[in-house]
Each structure stands twice: as structure tokens, then as C-alpha cells.
2 protein chains.
Amino acid sequence: MCISYTKYMAKVARKYKFAVIASDVVMLTVRDGKLEVLCIQMQKAPFIGKWAVPGGLVQPTESVDEAAHRILAEKAGIHGVYLEQLYTFGKVRRDPFGRVVSVAYFALVPSDALRLKTTKEYKDVQWFPVKKLPGLAYDHADIVATAVQRLQAKLGYTNIVYSLLPKTFTLSELQGMYETILGKTLDKRNFRKKVIGLKLVKPAGEQRKGQASRPAELYRFAATELKKVEIL
Amino acid sequence: MCISYTKYMAKVARKYKFAVIASDVVMLTVRDGKLEVLCIQMQKAPFIGKWAVPGGLVQPTESVDEAAHRILAEKAGIHGVYLEQLYTFGKVRRDPFGRVVSVAYFALVPSDALRLKTTKEYKDVQWFPVKKLPGLAYDHADIVATAVQRLQAKLGYTNIVYSLLPKTFTLSELQGMYETILGKTLDKRNFRKKVIGLKLVKPAGEQRKGQASRPAELYRFAATELKKVEIL
DNA sequence: GCAAAAGTGTTTAACATACACCCATGG
DNA sequence: CCATGGGTGTATGTTAAACACTTTTGC
């Protein structure tokens, strides 16, 4: 149904020469100390074998936001994660298929949800580190770059990092998130003073044991909705 | 030509039930100590007599950015001002005319360009203070509110204010811009220390005379492209 | 007992804030 | 000469940045 709709729209759009609206979703996660993006491998000319960010046409009965949620669910089986509109890419020739304007979104996926995800068998879906991306179809390299910039910026003035970590985490894990995404190291003592002083996190009252080192205190986020906080 | 295209598209869009792409441009200026928005008065049902922000359909041969520039030029006769993409509004029923997704932009117009503008005779075009807006058609009240928020935020971390002032200006005029847009007063001495210390402005070497008070030094912006600067 | 990561304070410099008076001009 | 807006400095508190050692555990 989705494929026939796509083909139908392509025909209509070519005939009437007008723009159709698509949505592309950049899904980001942090895994093994690397910031990664979910990509799918394309089957259609002229991009056979190329990778792209998941996307699809916006249907007549859904809002653009709803389309982004649907793509997230269909292409990655992920629900309830952080999703926000990123930017709208509207150059005339960005898609050889026809005039497609793409409203791009970015989603943040916690690494524990991600583990669930990779147990499913999508042979044409893969996480790539943003620093080792394959060549992407369309203008998707620009879209991914814009998403990474937005994430880096928001890390500094919001509590958005809550959407990348599991419910409880150690302060070292939290700091690692910042270091991975920003690509620089931070001072441990200053970082801890800051996140505790700003009440970004609170102790969960448990410890992470089982490692050959001193057990780490576990923390929770004080808020799990987006708030403005000057962290950096 | 533009009107017939619009009617044609309306027909096509209704027939094939799919979304067309429009762009709306929120033009902002500061005049007489008030932040104002340019609105046009509509002629078509169901919004006869209602005010709206200038907008129009994106043509097949132009990018969405180009459409925004065209709307700015057509509806307001303004060229070369600051223009950036704001947000894409994509709810299903936001336009009774059909499924229209709007890529909103915001433009900043210096008050001297604006004086030129208001000498022209547009009986259906008017500047309204954002605090005294008439009821707006569609979801344009949301769009304007989003634009104002974006402007307030960018004022704090960029030099964007350059796009609202003439080439030379006094520090009091500059401070007035900040106070008007942010809706709060600032300390004169601290403000001056800040903008000079950050090298946001440099002296123009002239003075503004002709007022019943001490002449004020005139300044210029050190840069007239958008830069990140922590001002507030 | 040793390797590995967790945890903890102090000093210094930079910046933000609060605050009040004199100056140059036009009328 | 007076009304108007322009221009200037200092003291205080707050925040950012730099920096090294002790603790607790598993093996």
C-alpha cells in the first residue's frame, strides 16, 4: 500500500510538475563511545546499493509530524523516543525522482532501546558512526550534518541528553555522552559539580557493581521533558 | 500568472488529495520602540477581511528558499534583508483551502528600509505591533509567535541585531533594540562594556547632532554576517 | 596487592551585576 | 539656564577553569 501510493504520487507529481512532501528522519544514538546514525540501503535506481536516512512521503491524512513518527516506527520499530523537526530541505534538484521537498527530523535513541533494535533482522538497515559514513543518497549527508550540529548545540543549553541514556546511569556514563557528542574531553570534577549543582540529575540510591573497580553511584534525570539549562 | 497557478494547484491538490507546499514570511521590524510584523489583508473566503502574513505557493522551478525571497520582494518590495527558515507547519487541517504545508521564514527589516516601504501605497498591507495583532488567518498567530521567540533567542547568542539597524547608529539606539525585542530594560554601562568588549561594534568616527542634548557617537557593526557571540 | 574506575576541594581568574554623577548641546 | 539624552568607573559576588590524590572493588 505504501509502495503503490509512492508510485502513484510519483506519476502525479511528474504529470503536474509539482512538489511532493517527504519526511526524512535522522536517528542518532551513542554506542561504544561513538555517535551513530541509522541508515537503510536503497534498492531503486539511481541509488541502488547506496545508503540513505529513513524517509517517506507524507500521506494526505497525516500531519508532517505524524509522518515522521510513522517513519520512525516503520523503518526502525522504535517508539516513544525524542523527535524534533530539524530543517526543511527544498532545493529543486535534490531528488532525481522529481520535485521532493523534505521536512527532516532528528530522533535520539537510547543505547538500551538500540540493543533491542539490533536483535531484529534488517539486512538492509545499519548503524554507521557519523565519522565513518558511507556516501549517502540525495542531500542526506547535509541532513545528517545538520542533525549533528543541532544535537551538539542543544546539548549545551538543554537537558536533551536524558533521551540518550537509560533510566539510571553513572556520572561517568553521562560525562561520556557529552564527550562523545562534542568530541572533546571534560574535567571530571567540574562536570560533576555542574550537573549536580544544576539539579540535572539526582542519586537513584543504588550502585553499579560487578566491575573490577570501585562501584559507581547510579543517578536519574530530575526531569524527562526538554528544559533549558545552561550546562556548558 | 501567479493567481492562475494558485487556482490550478488548488484543483489538482483537491483532485489528488495531496499536499502542496507554500511558504509564509514573517517580516519583523522595530519602529517607535515597538516590534512590528507586516500583515496583508485577505480577499478570499473564508478569510475575507482577515489579516495574514505574506505567503504563497512554492513554484515547481524554484527552491523553497527562493520562494521565500520572491514573496518578500513581491509582497513587500524588500530586497537584501536578513531571511532565515523558521519552521515547517504541517498539520492536516491548517488551511481550509486544502492540504497545504507551509515552510515559514522570518525576515528582519531595518527601520530605514521600512520608511521607504511605507511611502508606497498598499492599502491592504500594514505593520502591526506584535502585542496588538489582529486575529490572524490560518495558524499565522502561531507562526508569528514562533518567529518572535526565535528572534529573542538569537539576539542573545548572535550578532543578528545588525540586520535591524541602519549602517550607523548610536549605542542608545542599539540598546533600545535589545530592550524592545526582549521586553526588558538593560543597564546602560554594562551594555556598553559588553558590546564594545565583544567587538560587536566599532566607532564610526562621527556624531549625531541636532538634538537638544549632548551629541552621540555613531557606531558601525564590526561584522554584517551572522556570527555567534554571547551577548546576554 | 594491583589494576581500574570512582569519587572528592581548593585556588585563581574572568565575568556579571549593581549603582550615580557629570557632560555637551539646543532652545 | 535648564531640559535632554550621552557618557563614564568601581566594588562585590558569582561562576568557570585548572589541577592530583584517595577509595573501593574484582581478580
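Regarding R192(B), its CZ atom lies at a distance of 6 Å from the C1' atom of dG6(D), rounded to whole Å. When rounded to the nearest whole Å, the span between CD of E217(A) and P of dT23(D) equals 17 Å. Put simply, CG on N190(B) is 13 Å from C1' on dT12(D), counting in whole angstrom units. Spacing between atom CZ of F191(B) and atom P of dT8(D) amounts to 14 Å, rounded to whole angstrom units. Taking atom NZ of residue K193(A) and atom C1' of nucleotide dT14(D), one finds them 13 Å apart after rounding to whole Å. Atom CZ in F169(B) sits roughly 16 Å away from atom C1' in dG6(D) (whole-Å rounding). Between the P atom of dG5(D) and the CD atom of Q211(B) lies a distance of 8 Å, rounded to the nearest Å. Atom P of nucleotide dT25(D) and atom CZ of R214(A) are separated by 8 Å, given to the nearest angstrom.
Considering only heavy atoms from C-beta on, F106(A) stays 4.5 Å or farther from I143(A) through its side chain. Side-chain atoms of T29(B) and W127(B), non-hydrogen and from C-beta on, do get closer than 4.5 Å to each other.
The residue among Y219(A) and I231(B) whose nearest nucleotide of DNA chain C is located toward the 5' end is Y219(A).
The main-chain N or O of S172(B) is never found under 3.5 Å from a side-chain atom of Q175(B) such that the two would form a donor-acceptor pair. Q207(B) contributes no side-chain N or O that, together with a main-chain N or O of L218(B), makes up a donor-acceptor pair within less than 3.5 Å. When atom types are taken as modelled, the side chain of D24(B) and the backbone of Y105(B) share no donor-acceptor pair closer than 3.5 angstrom.
In this structure, H140(A) and Y138(A) have tilted ring planes: the angle between them lies in the 30° to 60° band.
The residues R208(A) and E217(A) are annotated as not salt-bridged, no charged nitrogen and carboxylate oxygen being separated by less than 4.0 angstrom. Residues E62(B) and R70(B) are paired through a salt bridge, judged by an N-O separation under 4.0 Å between the basic side chain and the carboxylate.
Here chain B contacts DNA chain C (any atom closer than 4.0 Å to a heavy atom, that is under 4.0 Å), and the contacts span dA16(C) to dG26(C) from 5' to 3'.
Sorted by residue number, the members of residues 178-189 of chain B with any non-hydrogen atom under 4.0 Å from DNA chain D read K188(B), R189(B).
Within 6.0 Å of NZ on K91(B) lie no more than 12 heavy atoms contributed by other residues, nucleotides or ligands.
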